[in-house]
Amino acid sequence: MIGKLRVVNSLTKEKEVFEPLNSPHVGMYVCGPTVYSDVHLGNVRTFTSFDVVYRYLKFLGYKVRYVRNITDVGHLLDNSEEDKISKKAKLENLEPMEVVQKYTNDFHRVMELFNNLDPDIEPTATGHLIEQLQMIDELVEKGYAYESNGSVYFDIEKYNKEYSYGKLSGRKTEDLLSQTRELDGQSDKRNPLDFALWKNASPEHIMRWKTKWGVGFPGWHLECSVMSTKYLGEQFDIHGGGMDLKFPHHECEIAQNAGTHGNDGAKYWLHTNMLTVNGTKMSKSLGNSFLPKELIAGDHEMLDRGYSPMTIRFFMLQSHYASTLDFSNEALNAAQKGYTKLANGLRYVQEVAYPEGTQEAPDEKQISQIKKICENCHHAMNDDFNTALTIGHLFNLLKKFNSLQTGQLQFGQLGKEVFDQMKTTFLGFTQDVLGLRLELDLKGEKLVDVVLTEYKAAKEAKDYEKVDALRAELKQLGIVVKDMKNQIDWAFEE
RNA sequence: GGUUCCAUGGCCGAGUGGCUAGGCAGAGGUCUGCAAAACCUUUUACGGCGGUUCGAAUCCGCCUGGAACCUCCA
């Protein structure tokens, strides 16, 4: 391993050396989607960012347990008593669990499309109701929660005597209190800041379970504390999620964790930033969100054309996860060309082998440059998963490969050891760490090779008319012929 | 209103006290039957005003502009 991984911890607001509690094991929990509608590109960005975190930790050799939940109950619509999932179920005249299944399936397809690895455990809130009720009991026993009219609330005032509610998002309870709006249905709470662990269900509420407090349903924040504790332990390494979950969701999680077992739960809290459209956050409520399928098909009024999933993944990884990323046709077009360039390189590097027996005077300058670039890839990822910088280094490495392919640089000048290092580095970072893959199937590649055989024959016969015709036809299909001194190959048109 | 963050070249986007990020676009060159691809070279820079420092795009202050959270959101 080259250097040490450092991560920006939202809890301390500092870049810290990553030291697992139980190396080589790493526990990572990421807040997953609420499955009441299609995931949009902003959601995809977050899960892609954590996919790279997961991939890199594994790349470093850690035994990672990645837990990403599915919220299938308890997530309420703003300022109302209505559950997002049950509302959708009523609208579409479905069982709530049909809604859950439908959008869970969709979510999984989208994750696969963008080449995000599956988590090791994907628990659901409804699957952990017993554990949730147990945690509520524990919080009540310890005095951090109280029952009121069939609901159970977390007691912020009590909690604040020993802990500090708001430490993650930098909020003070006095400030929060002074801005609290008067809402209906808050009369059950002792304090407006108290949040629900369990809610009494009104008669029309269709997702309901019978408990000792009456018929009700769980609060949204509880599930994450429960499931992270169950699968990763009371203390684990990484907790991730979007910025917008910092408050109140993660704040409440910390309170629940501390209330039950005296610590924050995760050691490192990582937050991804928002995807924006014309500088404004992409969100469903603002109506500026893009669905993956719209982007891929180009079926959106803001888009000139469609973009492939890997183009979009590349586009996202060209920025740092903690920065906002703005969405535009121009930026996507540039990403499309950039990705194609990298993909063309990837295709070549996968195939290229060191020609045995090649011996030449080593080019020390090239060798030291290549070694430096390889190290830089590690340094970049070690620096809080800087994928943008890593991609920059990969392009520098790609230039060396392209020089090898065109014969401008000789394999023998590098030697097998250096060649193996650059190949391993390029493939490892491009495929394993960044999760970029080719988008053409093998069958298509073979067909191109058949045409290229013809092309080559025509060229040798100096039948330039046929040469030009074949070249033009391939170009129409998005394939360009690479006519090099020593060989002929093809590439995706950029 | 409170809290926090951001402002980089034609565009996107890293960097954060002295060392060429990178991609896209532009210019020139090498290669080529001609091209393309590839490679090499190259132009445009750190919102404004002060301060700290031998030295600041990078640290500090103020100003301007934008965003996020505070209410469901990845």
Side-chain angles (χ1 to χ4, degrees), chain A residues 13 30-34 36 39-50 75-80 82 84 166 169-172 174-176 178-181 183 220 240-249 271-276 279-286 289 314-315 318-320 322-339 341-342 344-345 348 376 380 383 386-396 398-409 459 462 464 467-468 471-472 475 480-485 489-494:
Chain A
K13 279 130 195 111
V30 172
C31 288
T34 301
Y36 71 107
V39 284
H40 63 67
L41 260 310
N43 305 119
V44 172
R45 186 193 185 197
T46 291
F47 299 125
T48 302
S49 298
F50 286 111
H75 206 155
L76 301 184
L77 288 155
D78 51 322
N79 301 336
S80 84
E82 192 153 32
K84 288 187 170 189
S169 55
R171 265 158 248 258
K172 295 187 175 71
E174 313 84 82
D175 296 341
L176 287 168
S178 66
Q179 294 143 224
T180 305
R181 285 190 271 164
L183 300 172
W220 173 41
M243 276 301 199
D244 47 0
L245 295 185
K246 237 185 193 177
F247 187 91
H249 185 59
H271 287 96
T272 58
N273 215 319
M274 300 292 108
L275 191 60
T276 61
T280 309
K281 176 181 171 179
M282 180 184 286
S283 81
K284 280 173 198 165
S285 47
L286 290 173
S289 63
F314 176 85
F315 168 71
Q318 261 190 313
S319 72
H320 188 254
S323 303
T324 54
L325 173 62
D326 200 55
F327 220 59
S328 68
N329 275 300
E330 297 73 33
L332 282 166
N333 266 316
Q336 143 71 24
K337 295 194 174 187
Y339 163 70
K341 187 173 193 167
L342 198 64
N344 281 327
Y348 171 67
N376 284 342
D383 188 9
N386 194 329
T387 54
L389 193 53
T390 304
I391 288 174
H393 296 317
L394 287 173
F395 273 110
N396 286 332
L398 176 59
K399 283 181 186 171
K400 304 299 181 192
F401 278 109
N402 284 332
S403 297
L404 282 173
Q405 192 186 21
T406 53
Q408 284 152 293
L409 184 62
K459 187 132 198 204
K462 299 207 169 172
Y464 292 124
V467 167
D468 291 344
R471 201 154 64 188
K475 191 167 163 41
V480 285
V481 178
K482 295 175 73 166
D483 232 329
M484 291 163 284
K485 225 168 186 167
D489 197 6
W490 60 272
F492 300 108
E493 191 180 11
E494 284 168 20

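Lettering follows sequence order; numbering is per chain, from 1.
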What contact category does [X] fall into here, base, sugar-phosphate, or nothing, at under 4.0 angstrom with non-hydrogen atoms?
X	answer
A:Val467	base
A:Thr280	sugar-phosphate
A:Lys485	sugar-phosphate

Closest nucleotide among [options] to the [X] side chain:
X	options	value
A:Glu494	B:rG13, B:rG22, B:rA37	B:rA37
A:Gln318	B:rU16, B:rG23, B:rA35	B:rG23
A:Lys459	B:rC34, B:rG2, B:rC39	B:rC34
A:Ser323	B:rA14, B:rA25, B:rC39	B:rA14
A:Lys482	B:rG23, B:rA14, B:rA37	B:rA37

### Atom pair distance, as rounded to whole Å: CG in A:Leu398 and P in B:rA37
14 Å
With a 3.5 Å limit on both atom pairs, tell me what [N] is paired to, counting Watson-Crick and G-U wobble, or say none.
N	answer
B:rC70	B:rG1
B:rC46	none
B:rA37	none
B:rC54	B:rG18

Rounded [atom1] spacing from [N] to [M] in Å:
N	M	atom1	answer
B:rG9	B:rU58	P	15 Å
B:rC62	B:rG2	P	14 Å
B:rG22	B:rG15	P	15 Å

